[in-house]
Amino acid sequence: MSRKQTPSEFLKQIIGRPVVVKLNSGVDYRGVLACLDGYMNIALEQTEEYVNGQLKNKYGDAFIRGNNVLYISTQKRRI
């Protein structure tokens with residue numbers, strides 16, 4: 001039987017891993033999770049911005065304000 005984890009535990013585990021951050025506006029940011037705080041403010045590295053599934057911009061580092069975040073999920077490593 002696997003142990004259930006809290007969202008906070010999950011977020012601590014995925015620091016340094018590739019993630020997808022979906023905003024309330026529908027825009028996706030994909031990059032490596034550098035850090036986040038209790039307000040869900042997120043710092044990403046190697047960030048790519050996707051609008052309607054299309055790559056729009058690439059950023060080195062990006063900061064996303066927590067109140068804009070709909071969800072965070074892990075993604076498979078890019079080759």
Side-chain angles (χ1 to χ4, degrees):
M1 190 156 108
S2 67
R3 182 177 93 74
K4 292 188 181 201
Q5 60 184 182
T6 66
S8 178
E9 291 170 332
F10 168 74
L11 292 170
K12 286 178 187 173
Q13 284 184 344
I14 64 171
I15 291 175
R17 293 181 50 196
V19 296
V20 177
V21 179
K22 179 83 162 191
L23 303 187
N24 296 325
S25 66
V27 175
D28 289 353
Y29 287 91
R30 300 176 190 179
V32 176
L33 182 62
C35 62
L36 68 153
D37 65 14
Y39 296 102
M40 288 292 287
N41 295 317
I42 298 167
L44 294 177
E45 299 171 339
Q46 304 168 30
T47 310
E48 297 175 337
E49 178 184 44
Y50 288 83
V51 179
N52 297 324
Q54 300 287 331
L55 178 63
K56 292 295 178 186
N57 285 303
K58 290 186 177 187
Y59 307 102
D61 296 330
F63 181 79
I64 302 170
R65 190 170 172 186
N67 67 334
N68 295 311
V69 175
L70 183 61
Y71 66 78
I72 302 174
S73 67
T74 57
Q75 74 175 24
K76 295 184 181 183
R77 288 205 185 270
R78 291 177 238 167
I79 297 172

Non-neighbouring partners of Lys56 that pass side-chain contact (heavy atoms from CB on, under 4.5 Å), sequence neighbours left out: Glu49, Val51, Gln54

Stepwise side-chain contact (heavy atoms from CB on, under 4.5 Å) test for Ile72 and Ile14: CA-CA 10 Å; Ile72 302 174; Ile14 64 171; 4.1 Å; yes

Value rounded to 0.5 Å, distance of CZ in Arg65 from CD1 in Ile42: 13.0 Å

Residues clustered with Phe63, ILVMFWY side-chain links under 4.5 angstrom: none

Spacing of Asn24 atom CG and Tyr71 atom OH [to the nearest 0.5 Å]: 11.5 Å

Other residues, nucleotides, ligands: >12 heavy atoms within 6.0 Å of Asn67 CG: yes

CG on Leu44 to OH on Tyr29, rounded to 0.5 Å: 9.5 Å

Joint hydrophobic cluster, Tyr59 plus Val19, side-chain heavy atoms closer than 4.5 Å: yes

Partners passing side chain to side chain donor-acceptor pair (under 3.5 Å) against Tyr50 (at least two apart in sequence or in another chain): Glu48

Any residue meeting salt bridge (charged side-chain N to carboxylate O under 4.0 Å, His left out) with Lys22, in chain and number order, not counting sequence neighbours: Asp28

side-chain contact (heavy atoms from CB on, under 4.5 Å) assessment of Leu36 paired with Ile15: CA-CA 8 Å; Leu36 68 153; Ile15 291 175; 4.2 Å; yes

Contacts of Asn41 that satisfy side chain to side chain donor-acceptor pair (under 3.5 Å) - sequence neighbours left out: Asp37

Least distance between heavy atoms, Val20 atom then Gln75 atom: CG2-OE1, 3.1 Å

Contacts of Gln5 that satisfy side-chain contact (heavy atoms from CB on, under 4.5 Å) - sequence neighbours left out: Glu9, Phe10, Gln13

Considering all heavy atoms, the nearest Met40-Val69 contact: O-CG2, 4.1 Å

